Each structure stands twice: as C-alpha cells, then as structure tokens.
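Notes follow once the structure below has been shown.
Small disclaimer: the values here were computed from a predicted structure and weren't measured. Nothing fancy with the numbering, it's 1 onward along the sequence.
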Amino acid sequence: SHIAKNYDNLGQHKEAQIYWQKTLDAFSDNYSDHAPKITDYQIGFAESYLLVNENLQAEALGRDALEIIEQTYGETHYFVADALDVIAKAKSQNGDYEAADKIFRNSLQILENVHGKNYPGLLPTIYPMVSNLIRAGRTREAAKNFEKVLNIRINTYGEHSVYLIEPLTI
C-alpha cells in the first residue's frame, strides 16, 4: 500500500490502482475478506479512485469497508467516519450534493461524539463537506462550517499560528 500511495502522490494513478489491487489480492489470499485490516486498503484504493473521478468504484469500495467496520466495531465507531467520507466524496463528485451532505454530517457527528467538537481530526471531514456545500450553492452553510475549521485551528495551534493560513486557501 505504501507503493500505491507513492504512485498516487506522484499523480501516477493507474500504476497506483494496480498496486492497490495487488495489495487487496494479497490480503485476501492470506486473510478473510472480512478481516478489519482490509478496510484500510479498501479506503486507500477508494481514495485513489476519487483522484481520477472513478466515483462508482470508490463508492463501492467505501461501502464494502463500511459494512466490515460496522460489523466489527459498531455503527458509531470512529472508523465508520473514514468509510462514510469516501462514500460522501464519491456522491459529491457525482453531483449528488444532498446525499453527500447527509453522509458528511453523519460522519462528523460520529467524530464529534467520540473526540469532541474541537478535535483537529474533524478537519478531513469538514473540508470536503465545505466544498460540497459550495458546489451545492449553499454558501452560508459552507461559511458556517468554514468558521468551525478556523475555530478548531485556533483552539489547536493558537490565534497567531501560521497554521491558520491553510484554511484561508480553500
């Protein structure tokens, strides 16, 4: 999976997908297809698909991962959020903004219940949620969620931190 991630980081997504598939195949050959660890690879592979707008494949892998995670850990475990985020990103990229919003909000609620409302780990869910709201034309809601991003960063790094610059570039 490290090789696949490196190929994705280099923008060589077809090569990355070959290695993601090899990783899933090797895992399946040695473990059960429903072993919880496989979900890391399914989500990584799904993120790779999202990079090249192969959203149906990404959503399918996200749903497979979600099923295993929920069976293993329950519906409110924070691992569920990773799978939900992949599914929501795929829906958003396909233009189904309302469905994506509902899924992002579910993911965010799970993470907030586990970690609290100012946890920096909420940001990987909030960023694409804000983008989805902007694409849907819901700019006021996007701005409200953007304020949440800034507040989390201020609470985490302080109000004079250079880390406040990044959210301003979304």
#### Entry: Close side-chain approach of I152 and I126, heavy atoms under 4.5 Å
yes
### Message
I want to check something: taking the side chain as every heavy atom from C-beta on, are N113 and T76 in contact at a cut-off of under 4.5 Å?
### Response
no
### Query
Would you call R63-E67 a salt bridge at under 4.0 Å N-O?
no
### Summary
Closest non-hydrogen contact found for Y97 with A136 is CB-CB, 3.6 Å
#### Entry: Donor-acceptor contact present, side-chain N6 to main-chain H2, <3.5 Å
yes
#### Entry: Side-chain (T72) to main-chain (I68) donor-acceptor, under 3.5 angstrom
yes
### Message
Give me the atom names and distance for the closest heavy-atom approach of I43 to A65.
### Response
CG1-CB, 3.9 Å
### From CA spacing to verdict: salt bridge (Lys or Arg N to Asp or Glu O under 4.0 Å), E98, R138
CA-CA 11 Å; E98 294 306 313; R138 295 164 55 188; 3.1 Å; yes
### Message
Quick check for you: to the nearest 0.5 Å, what is the distance between M129 atom CE and S107 atom OG?
### Response
9.0 Å
#### Entry: Considering all heavy atoms, the nearest L122-K117 contact
CD1-O, 3.3 Å
### Query
Has K5 got its NZ or CZ under 6.0 Å from the middle of the six-membered ring of Y7, at an angle within 45 degrees of the ring axis?
no
### Task
Calculate, to the nearest 0.5 Å, the distance between atoms CG and CD1 belonging to D82 and I69 respectively.
6.5 Å
### Query
So do N145 and V149 actually touch side chain to side chain, heavy atoms under 4.5 Å?
no
### Query
Looking at D85 and K89, does any basic side-chain N land under 4.0 Å from a carboxylate oxygen?
no
### Task
Check whether any side-chain heavy atom of F104 sits under 4.5 Å from a side-chain heavy atom of T125, and report yes or no.
yes
### Query
Considering the options H77, Q71, E70, which one meets the side-chain contact (heavy atoms from CB on, under 4.5 Å) requirement together with Y73?
H77
### Query
In terms of heavy-atom contacts, does CD of E75 have more than 12 from other residues, nucleotides or ligands at under 6.0 Å?
no
### Query
Shortest non-hydrogen contact from L61 to Q42?
CB-O, 3.8 Å
### Message
Regarding D101 and K91, does a basic nitrogen lie under 4.0 Å from an acidic carboxylate oxygen?
### Response
no
### Evaluation steps, side chain to side chain contact (heavy atoms under 4.5 Å, CB included), between V80 and N106
CA-CA 10 Å; V80 169; N106 188 14; 6.0 Å; no
### Query
Is there side-chain contact between L108 and K148, with at least one heavy-atom pair below 4.5 Å?
yes
### Message
Rounded at 0.5 Å granularity, tell me how far CZ in F146 sits from OG in S131.
### Response
10.5 Å
### Summary
Note: Y78 and L111 closest approach over all heavy atoms is CB-CD2, 4.0 Å
### Message
side chain to side chain contact (heavy atoms under 4.5 Å, CB included) for E147 and L150? Distances and angles first, verdict last.
### Response
CA-CA 5 Å; E147 286 179 32; L150 289 176; 5.7 Å; no
### Task
Would you indicate whether the side-chain heavy atoms of I38 and L24 approach each other to under 4.5 Å?
yes
### Task
Decide whether Y41 and Y31 are clustered together by the hydrophobic rule: side chain heavy atoms of Ile, Leu, Val, Met, Phe, Trp, Tyr closer than 4.5 Å, transitively.
yes
### Summary
dist I18:CD1 -> H13:NE2 (nearest 0.5 Å) comes out at 13.5 Å
### CG on L51 to CD on Q93, rounded to 0.5 Å
8.0 Å
### Query
Any side-chain heavy-atom pair from W20 and D8 closer than 4.5 angstrom?
yes
### Message
Rounded at 0.5 Å granularity, tell me how far CG in N94 sits from CG in N53.
### Response
8.5 Å
### Message
Quick check: is V52 connected to I87 through a chain of hydrophobic side chains (ILVMFWY, heavy atoms under 4.5 Å apart)?
### Response
no
### Summary
For A16 and S48, the nearest pair of non-hydrogen atoms, with its separation, is CB-OG, 4.0 Å
### Main-chain N/O of P128 paired to N132 side chain as donor or acceptor, under 3.5 Å
no
### Query
Between R105 and E141, is there a salt bridge with N-O shorter than 4.0 Å?
yes
### Q57 side chain to A46 backbone, donor-acceptor under 3.5 Å
no
### Task
Indicate yes or no: at least one non-hydrogen side-chain atom of Y49 is less than 4.5 angstrom from one of N55.
no
